Amino acid sequence: MSEAKIITRLLSDTPDDLRQAADLLRAGELVGIPTETVYGLAADALNGQAVARIFAAKGRPQDNPLIVHIAAVEDWAPLVQAVPDEARRLAAAYWPGPLTMILRRSGRVPAAVSAGLDTVAVRMPSHPVAHALIRASGCPLAAPSANRSGSPSPTDAARVMEDMDGRIAAVVDGGPCRVGVESTVVDLTGCAAGGRPRLLRPGGVTATQLEAVVGPVEIDPAVTGRLAEGVAAASPGMKYKHYAPAARVVIVRGTPEDYAAFVNGRAGQGVAALCFEEDRGALRVPCVSYGRRDDPASQAHSLFEALRRLDEQGIRTAYAACPSAEGMGLAVYNRLLRAAGFEVIDVNGQTTGS
């Protein structure tokens, strides 16, 4: 006998609906929730069965760790073995906000949350709905992006419903996400022994902003490259091809003029440009823009929606204008690299990736 289909409720951000969502979370159900970065697929982080449902609903590999969301700094202490000074300073500067910190986990956190690692990733979101739900549910929430594993992360409730309708109990519509890419992840586990903080995933808090608070920060090679064979993923977004539409995405590195010439030379059925707004006038193929060339924040805000639109328009191959890898641009470049499976072409004819 087949299992009954789950009826996914679409809830608003009214007090009554938030109470319903909190009741569901306390009961071990999954709820799509808004954050300032992307929508998350939330469950009680201390309930191992609820956490297991996240992996099942997303089709997420078991060795890909989750992030635990809290509503107050004091909620952190029971989840970790110790809070170093570097973590306290970063929390004072950037929480609530799009920053995740990795520390050694306490025994209260189920191993499944951290994919069997001895660490836990924690952040305090700034979105008022996320904050209210954590408080109302009375538990920290494990919440990866609320999409099917590997596909572009959702930045509004409608996109969550596209991927998760019939798979989870409810989605809370809190409007579009402000940042548009997942949080910055920094590993602080080495600080107690004199090591530097290590940036594992770039996001809304840049490396420069981190360094302004804690000094030099090491950038993990996996930020702009593939995770080394046999190395465990310490953070979400490191190991697998992520954020990818069904369309093939190829990053094209070059000047705006060279980019336009390259893409126009490949015009044909199913070919499109994933471009900056300023490129549209020079292109002779269908265009999906993902922000302005010199505005990485606009690129981050628009990228995942643009990737989803490629599939809606039946695009088979999209040639993406290469963003800067500086500041907030590093977060955009990191996501595009994974969406493209690390396939990069420059105008000098050099190709990397598969």
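What you are looking at is a predicted structure, and each value in this text was computed from that prediction instead of being measured.
- Relative orientation of the Trp95 and Trp76 rings is tilted, given thresholds of 30° and 60° on the angle between their planes.
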Derivation of the side chain to side chain contact (heavy atoms under 4.5 Å, CB included) call for Glu305 and Arg159 | CA-CA 9 Å; Glu305 179 63 19; Arg159 294 301 193 186; 2.5 Å; yes

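- With no hydrogens or angles considered, a side-chain donor-acceptor pair links Arg9 and Gln20 at under 3.5 Å.
- Here Arg53 does not pair with Glu29 in a salt bridge; the nearest charged N to carboxylate O distance is not below 4.0 Å.
- Hydrophobic clustering (side-chain heavy atoms under 4.5 Å, transitive across Ile, Leu, Val, Met, Phe, Trp, Tyr) groups Ile67 together with Ile102.
- Closest approach of Ser289 and Phe276 over heavy atoms only: CB-C, 4.1 Å.
- The pair Arg123-Glu36 meets the salt-bridge criterion, with a side-chain N (NZ, NE, NH1 or NH2) lying under 4.0 Å from an Asp/Glu carboxylate O.
- For Arg335, the salt bridge (Lys or Arg N to Asp or Glu O under 4.0 Å) partners two or more places apart in sequence, or in a different chain, are Glu182.
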Donor-acceptor contacts under 3.5 Å from residues 165-175 side chains, at least two apart:
residue : atom : partner : partner atom : Å
Arg167  : NE   : Ala57   : O            : 2.8
Arg167  : NH2  : Ala56   : O            : 3.4
Arg167  : NH2  : Ala57   : O            : 3.0
Asp173  : OD1  : Gly175  : N            : 3.0

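- Residues Thr14 and Asp16 have side chains that never bring a donor and an acceptor to within less than 3.5 angstrom of each other.
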Trace of the salt bridge (Lys or Arg N to Asp or Glu O under 4.0 Å) decision for Arg293 with Asp279 | CA-CA 9 Å; Arg293 181 179 295 110; Asp279 296 327; 2.3 Å; yes

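- More than 12 heavy-atom neighbours from other residues, nucleotides or ligands sit within 6.0 angstrom of CZ on Arg89.
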